[in-house]
Amino acid sequence: MVITAKQEALVVSSWNEMKDDAPTFALKFFLRLFEIIPSAAKRFSFLRDSNMPLDKNPKLKAHAMGVFVMTCEAATQLRKTGRVNVGANTSVQHLASVHFKAGVADVHFEVLKFALLETIKEAVPYMWSEELKEAWSESYDHLVVAIKNEM
Ligand code: HEM
């Protein structure tokens, strides 16, 4: 079993607590990534030519939300099927190709994981535990490994 029913339940129940403000949280963990690695913002074509403040950029928010939702959904996919299936509108191969061409590196995925976990801890401190951290970590790691294996 890649993800246990308990781990899936932890991810889904904390997601339910965060989902009303999920775009704000998602943006927060991306801004944290850019604080730690400022050059990561240059990977995004739509940020390179934009004067818009990062926290107002709708495309950045959409990407951040995509990461958050896909990580959450990966928990259920992993529990049900043992593998990540990124969704009907895209494929792991496509995501790998987009990230490879954009020059996204291991360190970006690593720091994003740190920022994601930090944001969840701040968003739901009353739910935070080692188990919750592990559950989100597993889900994220499997999603990223699936993408990186194709890169
Ligand atoms: C594009 C998901 C992590 C940078 C995308 C797209 C998705 C996605 C769905 C849109 C693909 C398309 O064009 O059809 C994810 C997931 C991640 C992740 C699920 C982690 C679990 C990252 C990280 C970076 C990053 C860590 C680092 C900077 C980018 C860039 C693009 C992209 C640069 C292309 C955007 C553009 O210039 O149009 N990602 N992403 N992603 N992602 Fe990610």
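Each ligand, and each atom within it, is numbered from 1 in the order the structure gives. These numbers come from the heavy atoms of this one structure, side chains and all, not from hydrogens, waters or symmetry mates.
With 3.5 Å as the limit, one finds a donor-acceptor pair spanning the side chains of W136 and S14.
Under the salt bridge (Lys or Arg N to Asp or Glu O under 4.0 Å) criterion, the residue pairs touching residues 121-130 are K28-E122, with sequence neighbours excluded. Counting only residues at least two apart or in different chains, side chain to side chain donor-acceptor pair (under 3.5 Å) contacts with residues 36-59 are absent.
Although no hydrogens or angles enter the test, the distance criterion places a donor-acceptor pair under 3.5 Å between the side chain of Q77 and the main chain of N85.
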Check ligand 1 for N or O atoms under 3.5 Å from a protein N or O and list each pair with its distance.
from     : atom 1 : to  : atom 2 : distance (Å)
ligand 1 : 14 (O) : H94 : NE2    : 2.8
ligand 1 : 37 (O) : S45 : N      : 2.8
ligand 1 : 37 (O) : S45 : OG     : 2.6
ligand 1 : 38 (O) : S45 : OG     : 3.3
ligand 1 : 39 (N) : H63 : NE2    : 2.7
ligand 1 : 39 (N) : H99 : NE2    : 2.8
ligand 1 : 40 (N) : H63 : NE2    : 3.0
ligand 1 : 40 (N) : H99 : NE2    : 2.8
ligand 1 : 41 (N) : H63 : NE2    : 3.0
ligand 1 : 41 (N) : H99 : NE2    : 2.8
ligand 1 : 42 (N) : H63 : NE2    : 2.7
ligand 1 : 42 (N) : H99 : NE2    : 2.8

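The pair E35-R32 meets the salt-bridge criterion, since a charged nitrogen lies less than 4.0 angstrom from a carboxylate oxygen.
Listed by chain and residue number, E138 satisfy the side chain to side chain donor-acceptor pair (under 3.5 Å) test with H142 (two or more places apart in sequence, or in another chain).
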